[in-house]
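The block underneath contains the structure these notes are about, expressed in structure tokens.
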Amino acid sequence: MNETGVGADVFFVLVGAILVFAMHGGFAFLEVGTVRQKNQVNALVKILVDFALSTVAYFFVGYAVAYGTTFLVNAATLSGGGEGFELQGLSLVKFFFLTTFAAAIPAIISGGIAERMKFWPQCLATVALVGIVYPLFEGLVWNGNFGFQAWLEATFGAPFHDFAGSVVVHAVGGWIALGAVLLLGARMGRYDRNGRPIGIPPSSLPWLAMGSWMLCVGWFGFNVMTAASLESISGLVAINSLMAMVGGILVALVVGRNDPGFVHNGALAGLVAVCAGSDVMHPIGSLVVGGVAGGAFVIGFEICQNKLKIDDVLGVWPLHGICGAWGGIAAGFFGLEALGGLGGVSPVSQVIGTVLGAVYALGAGLAVYGILKATMGLRLSQEDEHRGADLSIHKISANPEHDLGR
């Protein structure tokens with residue numbers, strides 16, 4: 001490829017990285033709008049600090065674990081090609097792009113553990129998850145490490161297909177979050193002495209809605225620019241993402257009985273589910289996949305909160321864990337030529353890859369947060385939780401004038 005073509009690809013991937021980076025603002029404001037006012041500052045700080053820690057962990061350790069490439073070489077090598085680095089730093093912007101994916105893991109978890117998690121243990125969890133846990137599975141799927149994909153292809157006719165991370169990113173993040181939430185326990189006052197749920201309403205629906213919008217817009221960078229080059233870009237991925245998003249919205253609207261929180265999360269549920277097969281499914285198939293995801297989120301959230309008594313504040317396990325797993329499996333069916341897809345997928349491989357991702361992530365979540373619970377503790381004290389994470393951890397509230405009584 002000539003230098004002009006490489007430069008165009010560098011710009012293309014860079015724009016994708018910026019769009020996905022902007023999604024982290026969406027994660028932050030979705031959490032800000034859902035948690036109580038006394039925990040809003042903490043939500044904003046967590047997402048930003050987690051992104052910084054994720055970048056460092058992925059730069060020095062995680063990227064090498066997943067792809068076998070280290071950045072500990074001279075700058076000329078980084079930008080000029082050689083030793084795994086492409087001309088004009090294309091590998092560098094690909095790293096930036098993949099870093100924004102890796103940093104989504106703690107951003108997803110943040111919503112589940114909100115309002116009662118200690119700050120520094122979560123920081124350590126982020127380093128472990130992004131440095132080791134996530135890249136091990138990422139490399140298994142996206143780099144063919146350990147021969148897993150080759151075995152699936154030889155045995156079932158196709159490798160595990162996860163184009164933009166329904167399982168690699170979302171299901172893994174959601175199932176890790178489930179482990180963390182189970183170990184952390186419910187917030188004070190979430191359930192009465194008889195186990196009946198006590199509603200805690202969102203603090204700001206406009207902030208919640210803005211977070212959803214930011215995520216929806218950035219998602220077209222998340223999915224479309226996973227192609228990683230202008231030559232490979234696919235309009236099919238864009239239209240499939242669109243159709244899945246609106247399918248999630250409309251079904252969540254009906255199943256959720258007009259609840260605005262469900263509507264705005266329904267859009268995200270559809271987008272989570274379509275990531276895996278967005279490059280191989282027919283748009284009608286994507287509409288169905290997104291619609292099922294929207295309904296699954298609403299039902300899953302209510303079962304999680306009211307039946308299972310799992311206090312997952314933003315519903316990240318139903319949204320990312322369950323809808324991500326659905327998307328991974330659905331790609332194996334709706335990607336088939338018989339259902340209007342492009343083919344090249346195996347339902348059996350999709351089930352195996354999806355189940356492996358969920359089991360691995362849940363086990364990793366229980367292990368990482370279990371070690372932290374045993375050594376440092378996970379929860380704020382009752383007094384600090386009652387006061388709120390903003391004042392207890394950051395010594396300032398979302399409205400500092402109120403702290404002074406003015």
Side-chain angles (χ1 to χ4, degrees), residues 9 12-13 15-17 19-20 23 66 94 97-98 100-101 104 137-144 148-149 152-153 156-172 215-248 267-293 320 323-354 357:
D9 285 345
F12 172 74
V13 177
V15 171
L19 283 169
V20 184
M23 290 176 69
K94 286 181 178 178
F97 184 69
L98 290 169
T100 61
F101 278 50
F137 192 75
E138 176 191 17
L140 186 80
V141 175
W142 285 343
N143 199 47
F148 174 69
Q149 292 284 43
L152 286 177
E153 185 171 11
F156 303 108
F160 175 58
H161 186 89
D162 191 3
F163 179 68
S166 285
V167 176
V168 173
V169 178
H170 296 286
V172 166
L215 285 163
C216 286
V217 172
W219 223 294
F220 288 87
F222 194 99
N223 283 0
V224 175
M225 290 167 172
T226 291
S229 70
L230 286 171
E231 183 180 8
S232 302
I233 191 171
S234 170
L236 181 64
V237 174
I239 194 68
N240 280 341
S241 301
L242 177 67
M243 297 304 286
M245 181 188 75
V246 299
L268 308 181
L271 286 163
V272 164
V274 81
C275 288
S278 57
D279 62 327
V280 295
M281 295 191 298
H282 189 280
I284 296 176
S286 295
L287 181 67
V288 173
V289 169
V292 171
H320 298 275
C323 293
W326 156 243
I329 293 171
F333 293 92
F334 288 92
L336 295 171
E337 292 184 27
L339 291 179
L342 297 180
V345 294
S346 162
V348 178
S349 293
Q350 294 305 116
V351 171
I352 292 173
T354 299

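Basis for what follows: all heavy atoms, side chains included, without hydrogens, waters or symmetry-related copies.
In this model, no donor atom of one side chain and acceptor atom of the other lie less than 3.5 Å apart for Ser229 and Asp9.
Two residues are said to be in side-chain contact when any heavy atoms from C-beta on lie closer than 4.5 Å; Val274 and Met281 meet this criterion. Contact of the Val169 side chain with the Cys275 side chain is not registered, since no non-hydrogen atoms from C-beta on lie closer than 4.5 Å. Using a 4.5 Å cut-off on side-chain heavy atoms (C-beta onward), His161 and Val280 make contact. Side-chain contact check for Val345 versus Phe333: every heavy-atom pair is 4.5 Å or farther apart. Trp142 places none of its side-chain heavy atoms less than 4.5 Å from the side chain of Phe163. Inter-residue side-chain proximity for Val237 and Ser278 is flagged as met; some heavy-atom pair is nearer than 4.5 Å. Side-chain contact check for Pro283 versus Leu236: some heavy-atom pair is nearer than 4.5 Å. No side-chain heavy atom of Phe334 sits less than 4.5 Å from a side-chain heavy atom of His282.
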Practice problem: Could you please spell out the steps behind the side chain to side chain contact (heavy atoms under 4.5 Å, CB included) verdict for Val141 and Gln149? | Solution: CA-CA 7 Å; Val141 175; Gln149 292 284 43; 3.7 Å; yes
Exercise. Please lay out, stage by stage, how Ser234 and Asp279 fare under the test side-chain hydrogen bond (donor to acceptor under 3.5 Å, both in side chains).
Key: CA-CA 7 Å; Ser234 170; Asp279 62 327; over 6 Å; no
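One distance of note links CH2 of Trp219 with CG of Leu268; it measures 5.5 Å at 0.5 Å rounding. Rounded to the nearest 0.5 Å, atoms CZ (Phe220) and CE (Met225) are 11.5 Å apart.
For Ser286, the side-chain hydrogen bond (donor to acceptor under 3.5 Å, both in side chains) partners are Asn240, not counting sequence neighbours. Remark: Trp326 engages no residue in a ring pair (Phe, Tyr, Trp, His ring centres under 6.0 Å) (not counting sequence neighbours).
No more than 12 heavy atoms of other residues, nucleotides or ligands sit less than 6.0 Å from atom CD1 of Ile284.
Met243 and Leu287 make their closest contact through O-CD1, 3.4 Å (heavy atoms, listed as atom of the first residue, atom of the second, distance). Of all non-hydrogen atoms in Phe156 and Ile352, the two that sit nearest each other are CE1-CD1, 3.4 Å. Considering every non-hydrogen atom in both Gly332 and Pro347, the closest pair reads O-CG, 3.2 Å. Closest non-hydrogen pair, Gln350 versus Ala331, comes out as NE2-CB, 3.9 Å. The two residues Ala273 and Ser166 come nearest to each other via the heavy atoms O-OG, 3.3 Å. Asn223 and Ala164 make their closest contact through OD1-CB, 3.4 Å (heavy atoms, listed as atom of the first residue, atom of the second, distance).
Relative ring orientation between His170 and Phe222 is described as tilted, the plane-to-plane angle lying within the 30° to 60° band.
Of the listed residues (Leu152, Val348, Val351), just one forms a side chain to side chain contact (heavy atoms under 4.5 Å, CB included) with Phe160, and that residue is Leu152.
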